[in-house]
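Fair warning: this is a prediction, and the values are worked out from it, not measured in the lab.
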Amino acid sequence: MRNVFVRIERDGIPGYGEASPINYYAETWESVMAKIEGARDYLATLDLQSVADIEGAWIDLWPRLAPSRAAQCALDLALWDWLGRRRGVSVCELAWNAKARPVTTFCTIGLSDQEELIAKVAEARDFPRIKIKASRDASLDAVRYARAQTKALLAVDANCAWETADLLALSEELARLGVAFIEQPVPPAGDAELSKASARLPLMADESCVTEEDVDRAAGRYAGCNIKLVKCGGITPALRMARRCRALGLQSMVGCMLESSALISAGAVVAQGADYADLDGAWLLSDDPFEGWVFERGILQPPTSPGLGLTPRGDWFPAIGSADL
């Protein structure tokens with residue numbers, strides 16, 4: 001997997017963005033790069049003075065970038081970062097008119113054999129929130145083990161795998177184990193058979209809530225939506241999705257793919273207005289190209305520098321082409 005990083009610059013001020021292309025949505029780093037290259041001429045004419053200008057650019061860029069939400073995400077992040085640096089304020093202040101607060105995040109434990117599970121739970125034992133991936137066999141052994149070993153708030157991500165499982169019975173057992181919610185138990189094609197009475201726990205949409213238009217459709221069947229910036233097109237639509245969830249009485253979570261501190265820092269901005277965050281992607285990297293929000297035992301601590309608070313590490317960006325904004 002290869003991510004795409006963008007640096008835009010004007011008046012000596014940089015703005016950084018990132019895309020984490022998802023094969024499931026037919027996105028590759030090559031296709032994302034091609035779309036971004038095609039937006040150079042538009043970016044050169046852009047006069048960016050306000051958040052409203054970013055929102056307008058988001059609309060203007062889509063015909064040039066479609067169907068790549070990942071490319072749109074990378075450029076949207078870079079514009080927010082640039083404007084924050086230009087004004088000397090954080091992106092949180094631009095988006096919410098408030099200083100950034102620490103973000104408590106789930107730390108995900110993937111499908112594991114027994115030895116791996118023991119090691120992963122031990123590493124996250126004192127973390128406040130743990131999310132556990134579940135498989136098609138719907139075994140809850142990993143959840144039971146985590147509950148026995150930790151006092152963390154637990155969640156379960158079925159990744160569409162429980163299409164033939166007894167969701168009601170599984171949710172009853174998970175409720176007894178103190179699990180907060182179940183994420184995407186069935187594929188989106190099975191949503192029509194879901195209702196909020198299908199389980200004893202809240203259901204959180206992931207694959208069933210990709211873009212803004214999906215939030216209203218999810219409302220009748222899910223209790224909340226997982227918002228991922230690289231899927232919806234960046235900070236700009238993610239903020240609208242979080243606000244729409246709240247207006248509809250839905251919970252919201254800001255999630256991530258395997259991402260550096262650039263996308264994680266952007267997700268932490270949106271998470272200021274969400275119920276949950278699952279932003280552990282940079283924690284899993286051995287070679288993060290940025291310093292940003294600092295991960296401290298399951299809590300993301302905000303930086304004090306402007307924009308997204310990012311500082312490039314080493315020689316990453318001099319070796320990467322940049323577009324003058």
Side-chain angles (χ1 to χ4, degrees), residues 20 22-25 105-114 116-117 120-121 124 127 129-150 152-211 214-215 217-228 230-232 241 245 250-258 274-281 284:
S20 178
I22 304 168
N23 289 336
Y24 184 82
Y25 298 106
T105 177
F106 281 101
C107 299
T108 300
I109 294 178
L111 299 178
S112 311
D113 61 30
Q114 187 63 24
E116 291 171 332
L117 178 66
K120 290 176 181 178
V121 171
F127 289 11
R129 296 179 179 178
I130 297 173
K131 188 168 77 171
I132 299 170
K133 297 276 189 178
S135 61
R136 187 172 297 277
D137 66 9
S139 170
L140 302 184
D141 288 348
V143 184
R144 296 187 187 100
Y145 180 77
R147 173 47 68 225
Q149 299 296 317
T150 178
L153 179 72
L154 300 180
V156 171
D157 183 359
N159 272 126
C160 304
W162 287 358
E163 190 172 13
T164 61
D166 186 339
L167 181 57
L168 186 60
L170 286 167
S171 68
E172 288 173 344
E173 173 64 14
L174 291 173
R176 287 191 288 271
L177 291 169
V179 170
F181 60 81
I182 301 169
E183 186 176 343
Q184 197 69 43
V186 301
D191 283 352
E193 299 178 15
L194 288 179
S195 72
K196 290 182 179 179
S198 297
R200 294 289 184 260
L201 287 174
L203 302 180
M204 189 77 69
D206 184 3
E207 286 81 1
S208 292
C209 188
V210 178
T211 63
D214 297 325
V215 174
R217 286 194 288 270
R221 300 180 175 97
Y222 291 91
C225 296
N226 188 357
I227 302 166
K228 293 183 177 176
V230 76
K231 290 185 179 182
C232 70
M241 291 174 75
C245 282
L250 297 175
Q251 294 180 324
S252 59
M253 178 168 69
V254 182
C256 68
M257 308 302 291
L258 188 59
D275 299 285
Y276 299 108
D278 182 12
L279 295 171
D280 62 345
L284 304 173

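Leu154 is not listed as a side-chain neighbour of Phe106, based on a closest heavy-atom distance of 4.5 Å or more. Annotation: side chain of Leu203 is in contact with side chain of Leu167 (closest heavy-atom distance under 4.5 Å). Looking only at side-chain heavy atoms (C-beta outward), Ile109 and Tyr145 stay at 4.5 Å or farther from each other. Looking at Met257 and Val230, their side chains come closer than 4.5 Å, going by heavy atoms from C-beta outward. With contacts defined as side-chain heavy-atom distances shorter than 4.5 Å, the pair Cys245/Cys225 qualifies. You'll find the side chain of Lys120 reaches within 4.5 Å of the side chain of Ser112, heavy atoms only. Taking 4.5 Å as the limit, some side-chain heavy atom of Asp280 sits within range of a side-chain heavy atom of Cys256. Residues Leu170 and Trp162 have side chains in contact (heavy-atom distance under 4.5 Å, counting atoms from C-beta outward).
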Practice item. Evaluate the criterion side-chain contact (heavy atoms from CB on, under 4.5 Å) for residue pair Cys209 and Met241; output intermediate values, then yes/no. Key: CA-CA 10 Å; Cys209 188; Met241 291 174 75; 3.8 Å; yes
Notebook entry, point to check: Which is it for Tyr276 and Phe181 under the ring-ring contact (aromatic ring centres under 6.0 Å, His included) test, yes or no, and what are the steps along the way?
Noted result: CA-CA 11 Å; Tyr276 299 108; Phe181 60 81; 5.0 Å; yes
- Going through the checks in order, is the side-chain contact (heavy atoms from CB on, under 4.5 Å) test met by Ile182 and Met204? CA-CA 6 Å; Ile182 301 169; Met204 189 77 69; over 6 Å; no
Which is it for Asp278 and Arg129 under the salt bridge (Lys or Arg N to Asp or Glu O under 4.0 Å) test, yes or no, and what are the steps along the way?
CA-CA 9 Å; Asp278 182 12; Arg129 296 179 179 178; over 6 Å; no
Legend entry - side-chain hydrogen bond (donor to acceptor under 3.5 Å, both in side chains) evaluation trace for Ser135 with Asp137: CA-CA 5 Å; Ser135 61; Asp137 66 9; 2.6 Å; yes
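When atom types are taken as modelled, the side chain of Ser20 and the backbone of Leu258 share a donor-acceptor pair closer than 3.5 angstrom. The closest donor-acceptor contact from the side chain of Arg147 to the backbone of Leu177 lies under 3.5 Å. Distance alone, capped at 3.5 Å, is enough to place a donor-acceptor pair between the Ser139 side chain and the Asp141 backbone. At distances below 3.5 Å, at least one donor-acceptor pair connects side-chain atoms of Thr105 with backbone N or O atoms of Leu279.
Between Lys133 and Asp157 there is a salt bridge, since at least one side-chain N of the basic residue sits less than 4.0 Å from a carboxylate O of the acidic one. Salt bridge absent: Asp214 and Lys231 never bring a charged side-chain N and a carboxylate O closer than 4.0 Å.
For CZ of Arg144, the number of neighbouring non-hydrogen atoms (other residues, nucleotides, ligands) closer than 6.0 Å is greater than 12.
In this structure, Ala155 and Val179 approach most closely via the heavy-atom pair CA-CG1, 3.9 Å. Closest of all the heavy-atom pairs between Leu117 and Ala142 is CD2-CA, 3.7 Å.
With rounding to the nearest 0.5 angstrom, the CG atom of Asp206 is 11.0 Å from the CD1 atom of Ile227.
Sorted by first and then second residue, the pairs that involve residues 170-190 and meet side-chain hydrogen bond (donor to acceptor under 3.5 Å, both in side chains), not counting sequence neighbours, are Lys131-Glu183, Glu173-Arg176, Glu183-Asn226, Gln184-Ser208, Gln184-Tyr222.
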